[in-house]
There are 2 protein chains.
Amino acid sequence: MPSKEMHVHECNHHECNYTSGTRNSCVSLVPIFNHLEETQMDEIMATARSVSYKKGEIIYRAGDKSDSLYIVSKGKIRIYRLSDSGKEQLVRILIPGDFTGEYALFSKATHESYAEAMVDTTVCMIKQADLHEFLLKYPSISLKILTEFSTRLEQSERQTTRVVTEKVETRLAMFLAEEMDREAQGNEFVLPMSKKDLASYLGTTPETISRKLSEFEDQGYIKQKPRKRIEVLDLDGLLLV
Amino acid sequence: MPSKEMHVHECNHHECNYTSGTRNSCVSLVPIFNHLEETQMDEIMATARSVSYKKGEIIYRAGDKSDSLYIVSKGKIRIYRLSDSGKEQLVRILIPGDFTGEYALFSKATHESYAEAMVDTTVCMIKQADLHEFLLKYPSISLKILTEFSTRLEQSERQTTRVVTEKVETRLAMFLAEEMDREAQGNEFVLPMSKKDLASYLGTTPETISRKLSEFEDQGYIKQKPRKRIEVLDLDGLLLV
DNA sequence: CGCTCTGTTGAAGAGGCTCAATATGGGTGG
DNA sequence: CCACCCATATTGAGCCTCTTCAACAGAGCG
């Protein structure tokens, strides 16, 4: 697989094959693979390709044919959709250990969403044929992916339900509470995205986000600090909104 | 199908084990199993339990512990969620061949949604332990389920995007167009649910659905007929809304 | 045959969007 | 290291879509 003779110009976006011994960067860090034996991980790693993208680069777009699984090994990826009317909606953000590409991989040949590097990012790609082979050979991988999928499905449905049943204020409060739960350092956390993206994720506009956060601040629930940091002063109050 | 010796009181909701030879009602009709050999399907069927529910009965509810996959063999099931604020949202409707229960099965022990029989319904249930065994034994089943999951995930994300980016009128028009695509007999189709449920599915209210359908009718795009039948007169016009 | 749930229609009000003007800040190049 | 610049964020005002509440009509089911 890995050609040792690799030259820079053979590498789109600094694309490189792995050589054994450079395993650590991706396969071993994703839950779907890291329960395997070392030798099995090496085997998978041997079929993987590493590709780097610079900030802002598009990794795939809707309509692209693709047949690879993308595992984030470094950086951050924005997954978003464009509606028929052309509006953008942020679906989720991938951090190292997350993967994407599953739709094109298991169902259809083309993507419906867009993947964009939010910062300089490295992914490893596993081709559909290789992955299928491994799934048949090591069925426990499938169980891991099924677990991941069912969690994602649940989250997606929960998100839909929220958007249709709760008002913006409530959705925002819930989002803040969840971030506190996942990311809190003390009683502060850092927004993982711009407020523009947050608006798109929550199904509203940047203006409304801005206003609602100010209201929360006026009401003493939170305090906004520089560099996207938010201190939560009254979590319970927030959740009663 | 019921064992021949079945007595009413041995069967909760007319619950019965399968005997070989009565295979046809469920395992063989779902895409996730029907690619298997006859003998393999028989093997799975032997572990399945058939349960019937009367119209309106709840099959599972949020918070229930469950460890079974439910495959619809007859009838129709409404899957819905309740938001934190208590509002109901219709997630999807299952018809024979569809399955549910995956979240409790692969991720957590409890359901987040509700499943209710819309008409008299029969499901077959496969226990988690049995299913896991089959997945490891026949890895191709996992691939089928992965395909199904990734399709559902895509649909769910598409639904979220629509709800947040399109207005009600557009969502309704798209829904009608999709139903035409899937269910049309001539240029008519039958709504698969009440307008109340449709409202909940599309994230709006029955009043709005009623009004928008009247508008579409006034504009000559559709014609509403008795028994939930809708004739589409101008599909293109509808999609330009 | 009546009762209850679903659907329809009207009117009023609210929540959030749009548009526009201005402020801010972090990234970049000099 | 500083100044500049452009995307992001903020704030205000008006408006529009959709929800809400209420009253009534109709349909399906026991």
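For clarity, every value in this text was computed on a predicted model and none was experimentally measured.
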Rounded to whole angstrom units, what separation is found between the [atom1] atom of [X] and the [atom2] atom of [N]?
| X | N | atom1 | atom2 | result |
| --- | --- | --- | --- | --- |
| Leu172(A) | dG16(C) | CG | C1' | 14 Å |
| Lys167(A) | dG13(C) | NZ | C1' | 13 Å |
| Lys228(A) | dA9(D) | NZ | C1' | 11 Å |
| Asp218(A) | dT11(D) | CG | P | 9 Å |
| Arg229(A) | dG25(C) | CZ | P | 14 Å |
| Ile209(B) | dG7(C) | CD1 | P | 10 Å |
| Glu207(A) | dC19(C) | CD | C1' | 9 Å |
| Glu217(B) | dG7(C) | CD | C1' | 14 Å |

[N], OP1 or OP2 - any side-chain N/O from [X] closer than 4.0 Å?
| X | N | value |
| --- | --- | --- |
| Ser214(A) | dT11(D) | yes |
| Lys212(B) | dC18(D) | yes |
| Thr205(A) | dC17(C) | yes |
| Thr204(B) | dT19(D) | yes |
| Thr208(B) | dC18(D) | no |
| Lys195(A) | dT10(D) | yes |
| Lys87(A) | dT18(C) | yes |

So, under a plain 3.5 Å distance rule, would you say the side chain of Glu169(B) forms a donor-acceptor pair with the base of dC18(D)? no
Looking at Arg211(B) and dG10(C), is any side-chain donor or acceptor paired with a base atom of the opposite kind under 3.5 Å? yes
Which nucleotide in the set dT8(C), dG12(D), dT6(C) lies at the smallest distance from any side-chain heavy atom of Gln224(B)? dT8(C)
dT9(C), dT8(D), dC18(D): which one has an atom nearest the side-chain heavy atoms of Ser210(B)?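 So the nucleotide nearest the side chain must be dT9(C).
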I want to check something: taking the side chain as every heavy atom from C-beta on, are Arg152(B) and Glu102(B) in contact at a cut-off of under 4.5 Å?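 Arg152(B) reaches Glu102(B) side chain to side chain.
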Any side-chain heavy-atom pair of Met193(A) and Ile93(A) under 4.5 Å: yes
Thinking salt bridges, do Arg182(B) and Glu178(B) make one under a 4.0 Å N-O criterion? no
Which of these, Glu112(B), Gln89(B), Glu88(B), sits in a side-chain contact (heavy atoms from CB on, under 4.5 Å) with Leu82(B)?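 Going through the options one by one, the only one that passes is Glu88(B).
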Between Tyr103(B) and Thr151(A), does the side chain to side chain donor-acceptor pair (under 3.5 Å) criterion hold? Intermediate values first, please. CA-CA 7 Å; Tyr103(B) 183 55; Thr151(A) 302; 5.6 Å; no
Any base atoms under 4.0 Å from Gly56(B), or only sugar-phosphate, or nothing? Heavy atoms, all strands. nothing
